[in-house]
Amino acid sequence: MTWKHVFKASVTGLDTNRSRSFLTIFGIVIGITAIMLVVSLGAGAQNLILSQVQGLGTQTIVAIPGREPTSPTDISSLFSDSLKPKDLTALENKTNVPGLKEAMPEVIGAGVAVYGSNTYQVTVLGATDIMAEILDIHPAEGDFFTADDVLSQSDVVVIGSKVADKLFDGADPLNQKIEIKNKSFRIIGVLAPSGGGLINFDEMVLMPYTTAQTYLLGTKYFNRIIIEAADGQSVDVVANDVTLTLRESHNITDPSKDDFSVQTQQDLASRLSTITTALTWFLVAVASIALFVGGVGIMNIMLVAVTERTREIGLRKALGATNRDILSQFLLEAVLLTAIGGIVGILLGAGLAFLIALGLSKGLGIAWQFVFPWTGAILGFSVSAAIGLVFGGYPASQAAKKSPIEALRYE
Amino acid sequence: MNIIEVNDLKKEYYDGEEPTIALAGVTFSVRQGEFVAIMGPSGSGKSTLLHLLGLLDQPTSGTYSFNGREVSSFAPNELASLRNKEIGFVFQAFNLLPRTSVLENVKLPLIYSDVPESEWDARAKKAVEDVGLGHRMHHEPSELSGGEKQRVAIARALVTNPAIIFADEPTGNLDSKSGKKVMSIIQDLNERQGKTIVLITHETSTAEHSERILRLMDGVIESDVKVEHRLTASDEYVK
């Protein structure tokens with residue numbers, strides 16, 4: 001018997017029980033669709049996160065106070081005041097870090113912003129004027145604060161779009177004064193809505209770090225220092241110089257005693273992608289349960305089909321079919337069911353992922369891109385075909401084993 | 001020349017602890033071109049004998065020479081190939097594939113044969129025409145009468161041009177008119193095409209279309225007689 005006719009016999013067998021074949025395929029479709037959806041959305045989320053991380057620029061290096069936690073309970077190491085103005089001075093010294101273009105300290109605090117009778121809980125982010133360039137944020141109205149503002153500790157702020165909405169109810173906030181911790185600040189700029197990015201500026205108030213330290217936080221340390229390596233400089237070399245400089249500035253000789261850490265954008269990107277990949281595969285594992293259930297469904301249906309078609313098996317054997325012919329026919333029926341389910345599931349999963357991507361990008365304005373999950377498609381198709389072989393194998397071998405007379409006698 | 005020679009053929013089934021003896025040792029032969037009817041009440045072993053003769057089952061002991069070859073020790077695949085090439089089956093329940101056209105049903109044995117695919121259509125069409133169903137070629141079994149279904153089954157048995165046809169109660173599910181038509185076709189195969197026919201029936205009137213009647217009782221041959229006054233189905237059918 002040639003494969004062409006094995007195929008024909010299998011198709012006829014499936015066609016004879018259309019509704020049952022359809023329901024069996026449906027079980028596989030659900031499993032494959034779930035896997036495709038998860039893989040596609042996972043890849044989309046990863047792209048989104050990575051594009052935002054890389055949006056900070058590949059030349060960016062971040063110095064953070066505190067050790068890397070050595071255990072989940074070692075939280076205290078995360079909070080530290082180890083980065084101080086003298087570190088900034090040391091970094092800006094060209095002999096220490098020759099490849100440095102700019103260094104920007106950052107401080108973070110929280111407070112309640114008050115305008116008239118309106119109040120709103122805000123995050124205060126203090127930095128220098130180059131923040132606008134490094135984080136790629138630009139006021140929709142008004143201006144960003146200047147280097148002079150930083151030097152003179154000017155009481156000027158740039159507010160996020162949501163802060164503007166909550167405090168001003170549509171009135172123009174420019175040049176109005178808001179109060180945070182009883183200190184009055186003049187609004188010189190309002191940011192455009194950021195659209196759900198990695199860092200949400202909508203609920204923030206931005207000001208010079210000097211202003212924030214003096215009037216709001218009362219501290220002298222930084223929450224992080226962002227360093228831009230000069231164009232054409234190796235980020236890793238600069239990051240190493242930064243590490244050595246900070247170590248010297250802190251009088252540390254043993255690297256394991258570092259009270260700060262230095263990360264490049266590459267580090268961050270690879271960490272985030274490790275996390276999203278792990279999460280995606282975890283969800284794939286969950287979705288695989290649906291596929292497994294679909295496989296058991298295939299086995300169940302094929303066993304019923306073998307019993308129900310005992311007479312057909314007997315007839316085929318009487319007419320000259322060998323055990324192998326019968327085995328091939330029933331195995332191929334199972335594989336066809338799962339392969340069709342696999343293809344439909346791939347298309348359906350990709351289609352749903354596309355619609356979700358469309359909804360997220362057009363509806364919510366998130367910079368989400370549809371990713372056709374080739375890995376998911378290849379995985380889904382081969383897994384479903386393999387499920388056909390595994391779960392169809394037992395029923396098919398039962399069919400092949402039937403003796404022709406038992407089969408013909410069966411009523 | 002004898003197409004079938006069996007010697008002390010026995011078949012026992014183990015169903016529980018005590019063996020059931022279906023055939024207790026039968027010895028006989030069938031000539032090439034002969035038309036033999038096997039009769040006997042249910043439980044006499046006639047179906048078991050047909051299954052052994054048709055190479056669907058293997059004997060517990062005894063020898064069976066089919067078309068000059070000792071087949072009692074053949075492997076399953078060799079038996080499958082012999083069934084395909086040299087044997088045609090007609091069953092009481094027709095056993096046609098549902099939702100499959102008459103032509104495709106008749107082609108079924110060919111897909112397991114080494115006949116080149118280019119010849120399949122012509123062979124199947126001729127077989128369907130030979131049983132008088134040329135106008136039903138593309139109908140499905142559900143659109144046919146019982147008699148027509150059995151004629152399709154006969155066409156299917158003929159399509160590989162076998163030397164012998166085994167018919168197991170071929171008229172058992174048919175009304176008498178359709179039954180006579182089927183018997184006339186079978187008789188015609190024997191007389192004009194020289195096919196050897198082994199027919200199982202419990203109706204004497206059907207058995208009398210043959211040349212010779214073997215009666216089985218409790219797994220042994222009780223009698224083996226020539227039919228004195230053969231019925232000719234085609235004559236009756238014309239009447």
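As a basis for the values below, the full set of heavy atoms in this structure was taken, side chains included, without hydrogen atoms, waters or symmetry mates. Please read these numbers as outputs of a predicted model, since none were measured by experiment. Numbers restart at 1 for each chain; the letters A, B, ... are given by sequence-line order, proteins then strands.
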Go through the atoms of A:Thr16 and report whether side chain, backbone, both or neither lie under 4.5 Å from a heavy atom of chain B.
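Both parts, backbone and side chain.
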
Less than 4.5 Å to any heavy atom of chain B: does that hold for the side chain of A:Arg316, its backbone, both, or neither?
both

Anything under 30° is parallel, anything over 60° is perpendicular, the rest tilted; go ahead and classify B:Phe89 against B:Phe91.
parallel

When you compare the side chains of A:Asp325 and A:Thr322, does any donor N or O come within less than 3.5 Å of an acceptor on the partner?
yes

Using every non-hydrogen atom in the two residues, find where B:Thr206 and B:Thr171 come nearest and quote the distance to one decimal.
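Heavy atoms of B:Thr206 and B:Thr171 come nearest at OG1-OG1, 3.8 Å.
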
Exercise: identify the closest heavy-atom pair between B:Gln150 and B:Pro170
NE2-O, 2.9 Å

Is chain A contacted by the side chain of B:Gln92, its backbone, both, or neither, given a heavy-atom distance below 4.5 Å?
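For B:Gln92, no heavy atom lies under 4.5 Å from chain A.
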
Among A:Lys4, A:Arg309, A:Arg324, residue most engaged with chain B (heavy-atom pairs, under 4.5 Å):
A:Lys4

